[in-house]
Amino acid sequence: MSLLRDLEGVGADRFRGGYSRHVFTDPELQLRAWFTEQAQRRGLDVEQDRNGNLWAWWGTPGPDAVVTGSHLDSVPGGGAFDGPLGVVSALAAVDELRATGFRPRRPLAVVVFAEEEGGRFGVACLGSRLLTGAIAPERALKLTDPDGVTFGEAAARAGLEPERIGPDPDAVSRIGAFVELHVEQGKALEPLGRPVAIGSTIDPHGRWRLTFVGRGDHAGTAAMADRRDPMLPAARTVLAARSAAKAGTRATVGRLIPVPGGTNVVASRVDVWLDARSASEPGTREAVDEVIAAAQQAAADEGCEVEVREESFSGEVAFDPGLRDRFRGVLGDVPVLPTGAGHDAGVLAAHVPTGMLYVRNPTGVSHAPEEFATDEDCAAGVRALAAVLEELAG
Ligand code: GLV
Ligand code: MN
Ligand code: MN
């Protein structure tokens with residue numbers, strides 16, 4: 001897809017492969033500048049809200065707007081499609097609608113949400129959570145990146161006013177409907193031979209941070225029997241996550257940081273992040289409780305302390321059934337898929353009628369460089385999005 005090709009190379013990560021485009025870092029700011037330029041070229045009016053989300057308006061910003069878009073930030077070493085596909089498809093859908101002479105009766109906006117992945121400050125969908133009041137600004141401002149830079153500091157450097165960060169009911173009240181197009185994360189469409197699907201639900205999911213504290217020491221001289229090595233309970237927690245993940249539950253440790261992190265050093269502290277998801281909230285909580293109990297036992301066995309913090313939790317989301325029916329009215333009998341992936345659409349769904357479209361991913365892989373969609377399927381996604389926007393805004 002040609003608009004997506006414009007972004008190739010921006011934030012390419014030579015160490016991890018794929019892309020690292022974290023909020024308010026150079027690559028992500030470059031993508032924002034690209035978006036602003038593309039939107040202005042189309043005669044859309046671009047504004048940044050007080051939480052760092054970008055809005056490009058076709059028509060006067062106002063109530064009952066039809067809004068579409070996604071995010072431009074990535075996970076560390078992520079794929080090219082998760083986020084950017086929804087943004088470039090929104091711009092391409094505007095082009096497609098314009099080419100047919102369509103004039104929206106309702107204001108239409110393309111939005112780019114900030115820090116959807118939580119790849120820099122740890123809390124996913126930070127921009128949409130702040131917008132809707134799902135996270136307190138006092139907490140968000142204090143979140144830190146791996147270098148100790150706070151969200152407030154990074155936002156100020158990017159030109160935001162930290163004291164204005166927080167719920168923005170005026171911006172929310174303008175949204176009449178929100179539609180997010182996204183690359184499929186999983187492989188349901190390939191066997192069905194279908195390029196596009198409609199979203200039904202998002203599984204409850206969350207992130208927990210377990211901090212194990214022991215005693216740092218010399219790897220060559222500290223007797224094995226005397227050690228209080230936090231890496232041991234950390235390792236047992238990884239195994240506990242795998243065994244807690246039964247019957248459709250997913251539990252993952254994808255990030256673990258030993259401090260100070262030397263080959264010849266017994267760590268003094270290890271931070272472990274647990275990501276857990278399941279079709280039901282009790283199922284998710286049960287798995288997390290099992291992992292936490294195992295972590296506490298493992299810490300006690302090694303003479304270590306453990307502190308557990310829930311960094312974020314998102315309950316089950318069911319997208320608006322009325323909107324889904326209207327999507328099917330214009331798209332026909334396309335598949336309807338649940339997902340285990342979180343999205344800004346999931347945050348918005350608690351406030352405004354919201355729906356999602358997915359574009360087939362033949363690899364089934366996401367959050368990794370193998371994430372993919374063909375040009376033909378991306379074009380089918382743009383046609384589907386344009387048809388849905390025409391239905392909603394016409
Ligand atoms: C976001 O992509 C998530 O599901 O974590
Ligand atoms: Mn993602
Ligand atoms: Mn995404």
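Heads up: numbering here begins at 1 and tracks the sequence. Atoms within a ligand are numbered from 1 in the order they appear, just like the ligands themselves.
- Within ligand 1, the atoms closer than 4.0 Å to a non-hydrogen atom of Ala341 are 4 (O), numbered from 1 in the order shown.
- Nearest N/O/S atom of His71 relative to the Mn ion (ligand 3): this is NE2.
- Glu305 has no carboxylate O lying under 4.0 Å from a charged side-chain N of Arg228, or vice versa, which leaves the two without a salt bridge.
- Near the Mn ion (ligand 2), less than 2.8 Å away, sit the protein N, O or S atoms Asp82 OD2, Glu117 OE1, Glu117 OE2, His367 NE2.
- With values rounded to the nearest 0.5 angstrom, Glu316 atom CD is found 5.5 Å from Thr201 atom OG1.
- Each of Val23, Asp344, Leu54 was scored for a side-chain contact (heavy atoms from CB on, under 4.5 Å) with Phe113, with one residue passing: Asp344.
- Of all the listed residues (Glu116, His343, Arg277, Gln185), Arg277 holds the heavy atom that lies closest to atom 5 (O) of ligand 1.
- Salt-bridge check for Arg250 with Asp203: passed, with a basic side-chain N closer than 4.0 Å to an acidic carboxylate O.
- Contact annotation: for His367 versus ligand 1, heavy atoms closer than 4.0 Å belong to the side chain alone.
- At a threshold of 4.5 Å between non-hydrogen side-chain atoms, the residues Phe313 and Glu281 count as touching.
- Taking the charged nitrogens against the carboxylate oxygens, Arg209 and Glu311 do have a contact shorter than 4.0 Å, which makes a salt bridge.
- Residues Phe327 and Val334 fall within the same hydrophobic cluster, defined by Ile, Leu, Val, Met, Phe, Trp and Tyr side chains chained together at heavy-atom separations under 4.5 Å.
- The heavy atom nearest to atom 4 (O) of ligand 1, out of those in Gly346, Gly342, Ala124, is found in Gly342.
- Ring geometry for Tyr358 against His343 counts as tilted: the plane angle lies between 30° and 60°, on a 0 to 90° scale.
- Atom 1 (C) of ligand 1 has Glu117 OE1, 3.2 Å as its closest protein atom, hydrogens excluded (heavy atom only).
- The main-chain N or O of Glu116 is found under 3.5 Å from a side-chain atom of Asp73 such that the two form a donor-acceptor pair.
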